[in-house]
Amino acid sequence: MPRDRRHFILNGLSKSEKFKPKGQPSTKHPSDVADRAGHAQALLQAIDHLPDVKAEGTAGVYLDVAGRAGEIMVTTGLNASDLTLLRFEPAQTAANQPPRATVFATGDGVAKLRRKIEDFAQMNRTKKDGTEGRPYHADLVQSIGAIVEAGLRALWRSPAARFPDGDGAVPWELWLDKTQAAAFVGSAPEYEVAVGADRLEFPEDIVVIATATRDALALAVRRLGGVRALAAPSITADYFDAMPIEEQADWLDNLSAWTTFQASDDPSYVTLLDRGVSRAHPLIEPGLSVDDRHAADPAWDVTDSVGHGTQLAGLALYGDLTLALQTMLPIEIRHRLESAKIIPDAGHNPHHLLGALTRAGINAAESSGDRRRTFAMASTTEEDTPHDGAPTSWSSEVDQLTAGVSGTKKTQRLMVISAGNTVQNMFGNADYLAVCDHPDNEIESPAQAWNAICVGAYTEKNVLPAGEPGAPLAPVGDLAPSSRTASWSSHWPLKPDVVFEGGNWLVNGPPPPLQHPALSLLTTDHSFPNRAFTTCGETSGATALAARRL
């Protein structure tokens, strides 16, 4: 793209003077023939300077339409066939700024606007008494002071001061037209625009977070269309996590009211092999029957006194609550939860019993009867490291359980296991992928089991609250810093098998990078009613999200 065109797109109004009607806009309507013709000619020249939509093969063009100072702007004609009014700003008298409208026009829309201006210049209406009336489309054309191609700023909904500065890639909140969202997301990578997987869906829009430079996004918007508005991403997990309990309770009530658990005679189940689950939480109680909490050791309490199991339960039912709380749309949940406690509240399991306790937990859950289950275990051990992918006693038992040759019931089982989390103190503030691939950060046992699905973590979390110092460590769409990987050179299977969102880390000051609530997943807190929400992530959170989808 030529430099002047790129500059024009980014700054929106930087060339508007070139296309304004000669002289300052007047509050007087250009009703006489000369004024009328001059006004129309100036607007037609402005249209001639717009990109040729049909020649370029684009969906349309964004227009920044300025009104006339001191006059009411008529926008009905800008929201007609093939013209979509995206935004309107009233005049700012104190700043001597006229009203403005942002319009998306297809190629046919530009042609229709041109014809209206031409009709205004050449044709008058006829009154009922046969005398000559006002020009055609007078209300629309007379209220337009200038037309230029709109830039990113013309689509900006957030305060002007939050419009990104600099040339680096930054996160943007994109409001996409529902009918064009898939096409935009599919083609965005060609323009170096990375669109995250999270979605907020509204009746007319789909909201996504994209990371791109201003130049890259401007070109993508211009070529692809479909963007109805831009904004600064602002709502992250820490927003809800930091709320006082009274405010959390209000959001909790709203989310509960939006949620329906679909009745079914044969629902599927996510069976959490963890530390138990707190059923007192109102988001969890409808999805977890009192009879569906078990323990590998009958003497253990089935509740969650630590919090990890309840955090996984919230993610396994709802996904990231950061999204669920913002949609304000009905949520229908078709699956249910089971809990089988395999980790005691105090102390830890002896290493030689890890496989046996996993089997005992599965047996306890399956005592409820035959069900369609996905077993999720976000518990691993460092004691078998290094194993270089070779079987261990625990992974061997997992292979037997998934193959259906172990356990009380001889049935094949679907099981997802976390890859294990990296050693945070090994990290500097750069080149984190090399640390994730380091032999000391190999997949933890029993996730190397052949028959189980090993879940690692990637991240699309890169938005920090406004004014927050520091920067995310991992770029959008890359491996999460917490995720272990398999760098085995032998014939053992490569791991992890799949990755789901596990959050990001913050670089701010000397190493190591730190966890931050804004770069984490939001989920349910086991201490309800003292707290409703908390944050989590890493490969544990990714495993819960994987179980929800399988």
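Positions are given from 1, in the same order as the sequence printed here.
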Checking Asn462 against Thr211: is there a side-chain donor and acceptor pair closer than 3.5 Å?
yes
Over all atoms of both residues, closest heavy-atom pair of Val416 and Leu550:
CG1-CD1, 3.3 Å
Note: Arg279-Glu285 ion pair, threshold 4.0 Å (strictly below)
yes
OG1 of Thr106 to CG of Asp82: how many Å apart, nearest 0.5 Å?
3.5 Å
Does Thr374 reach the side chain of His335, with side-chain heavy atoms less than 4.5 Å apart?
no
Given the rule in the side-chain contact (heavy atoms from CB on, under 4.5 Å) test, do Ile47 and Leu113 qualify, once you have shown the distances and angles that lead to the verdict?
CA-CA 9 Å; Ile47 289 179; Leu113 183 57; 4.2 Å; yes
Are any of the side-chain nitrogens in Arg334 or Glu332 under 4.0 Å away from the carboxylate oxygens of its partner?
yes
Main-chain N/O of Thr539 paired to Thr543 side chain as donor or acceptor, under 3.5 Å
yes
If you measure from CG on Leu50 to CD1 on Ile147, what distance do you get to the nearest 0.5 Å?
7.0 Å
Asp177 side chain vs Gly226 backbone, donor-acceptor pair below 3.5 Å:
no
If you measure only the distance, is there a donor-acceptor pair under 3.5 Å linking the side chains of Glu468 and His516?
yes
Looking only at the side chains, is there a donor atom on one of Lys112 and Ser81 sitting less than 3.5 Å from an acceptor on the other?
yes
If we check side-chain contact (heavy atoms from CB on, under 4.5 Å) with Arg199, which of these qualifies: Val185, Leu176, Leu323?
Val185
Any chance CG of Leu433 has more than 12 other-residue heavy atoms, nucleotides or ligands included, within less than 6.0 Å?
yes
Hey, does Ile209 have a side-chain heavy atom less than 4.5 Å from the side chain of Val463?
yes
How long is the gap from CG on Leu140 to CG on Asp119, to the nearest 0.5 Å?
11.5 Å
Rounded to the nearest 0.5 Å, the CZ atom of Arg531 sits from the CD1 atom of Ile245 at a distance of 6.0 Å
Go through the steps to decide whether Glu118 and Lys116 satisfy the test salt bridge (charged side-chain N to carboxylate O under 4.0 Å, His left out), and finish with yes or no.
CA-CA 5 Å; Glu118 290 173 340; Lys116 289 181 179 180; over 6 Å; no
Sidechain N-carboxylate O distance under 4.0 Å for Asp64, Arg153
no
Closest approach of Phe184 to Ala220 (non-hydrogen atoms, all atoms of both residues)
CE1-O, 4.1 Å
So for atom CG, which belongs to Asp129, do other residues, nucleotides or ligands contribute more than 12 heavy atoms lying within a distance under 6.0 Å?
yes
Got more than 12 heavy atoms from elsewhere within 6.0 Å of CZ, Arg549?
no
With the threshold set at 4.0 Å, does a side-chain nitrogen-carboxylate oxygen contact exist between Arg214 and Asp165?
no
Give the intermediate values and the outcome of side-chain contact (heavy atoms from CB on, under 4.5 Å) for residues Thr260 and Ile331.
CA-CA 6 Å; Thr260 302; Ile331 299 173; over 6 Å; no
Kindly indicate whether the side chain of Val277, heavy atoms from C-beta on, has any atom under 4.5 Å from the side chain of Ile284.
yes
Side-chain donor-acceptor pair present, Thr213, Asp215, cut-off under 3.5 Å
no
All heavy atoms of Leu83 vs all of Ala105, minimum pair found to be CD2-CB, 3.4 Å
Which is it for Glu201 and Lys178 under the salt bridge (charged side-chain N to carboxylate O under 4.0 Å, His left out) test, yes or no, and what are the steps along the way?
CA-CA 9 Å; Glu201 188 168 337; Lys178 263 191 174 180; 3.1 Å; yes
Looking at every non-hydrogen atom in both residues, tell me the closest pair between Gly502 and Ala457 and how far apart they are.
CA-CB, 3.7 Å
Does Asn429 use its side chain to pair, donor to acceptor, with the backbone of Gly509 at less than 3.5 Å?
yes
Heavy atoms only: give me the nearest Leu252-Phe528 pair and the separation to one decimal.
CD2-CE1, 3.4 Å
Stepwise side-chain contact (heavy atoms from CB on, under 4.5 Å) test for Asp139 and Met73:
CA-CA 8 Å; Asp139 288 341; Met73 189 173 185; over 6 Å; no
Euclidean distance, Phe240 CZ relative to Thr523 OG1, rounded to 0.5 Å
13.5 Å
Please answer whether the main-chain N or O of Pro90 pairs with a side-chain N or O of Arg100 as donor and acceptor at a distance below 3.5 Å.
no
Can a side-chain donor-acceptor contact be found between Thr459 and Glu501 if the only test is distance below 3.5 angstrom?
yes
Under the salt bridge (charged side-chain N to carboxylate O under 4.0 Å, His left out) criterion, do Asp320 and Lys461 qualify, and how do the steps go?
CA-CA 12 Å; Asp320 185 357; Lys461 302 282 187 181; 2.6 Å; yes
Trp156 versus Pro164, closest heavy-atom pair with distance:
CH2-CD, 3.8 Å
Is Asp266 salt-bridged to Arg372, cutoff N-O under 4.0 Å?
yes
Between Phe533 and Trp251, is the gap from one ring center to the other below 6.0 Å?
no
Any side-chain heavy atom of Leu255 sitting closer than 4.5 Å to one from Leu283?
yes
How about Leu217 and Trp172: do any of their side-chain heavy atoms sit closer than 4.5 Å?
yes
If you apply the rule salt bridge (charged side-chain N to carboxylate O under 4.0 Å, His left out), what do you find for Glu190 with Arg223, and how did you get there?
CA-CA 11 Å; Glu190 300 174 16; Arg223 294 281 177 83; over 6 Å; no
Taking atom types as modelled, find out whether Gln515 and Glu538 have a side-chain donor-acceptor pair closer than 3.5 angstrom.
yes
Could you walk me through whether Trp505 and Ser482 pass the side-chain contact (heavy atoms from CB on, under 4.5 Å) test, one step at a time?
CA-CA 8 Å; Trp505 289 351; Ser482 62; 3.9 Å; yes
Compare all side-chain heavy atoms of Arg336 with those of Phe261 and state whether any distance is below 4.5 angstrom.
yes
Got a salt bridge between Glu132 and Arg125, using NZ or NE/NH1/NH2 to carboxylate O under 4.0 Å?
no
Salt bridge Asp108-Lys54, side-chain N to carboxylate O under 4.0 Å:
yes
Under 3.5 Å, side chain of His39 to main-chain N/O of Ala121, donor-acceptor pair present?
no
Please report whether the ring centroid of Tyr136 lies less than 6.0 Å from that of Phe120.
no
Any side-chain heavy atom of Leu230 within less than 4.5 Å of one from Leu152?
yes
Output the distance between atom CG (Leu519) and atom CG (Leu464), rounded to the nearest 0.5 Å.
5.0 Å
Arg222/Glu56 ion pair, N-O < 4.0 Å:
yes
Count the heavy atoms of every other residue, nucleotide or ligand shown that sit under 6.0 Å from CG of Asp167, and state whether that count exceeds 12.
no
Taking side chain as C-beta onward, heavy atoms only, is Thr259 less than 4.5 Å from Tyr318?
yes
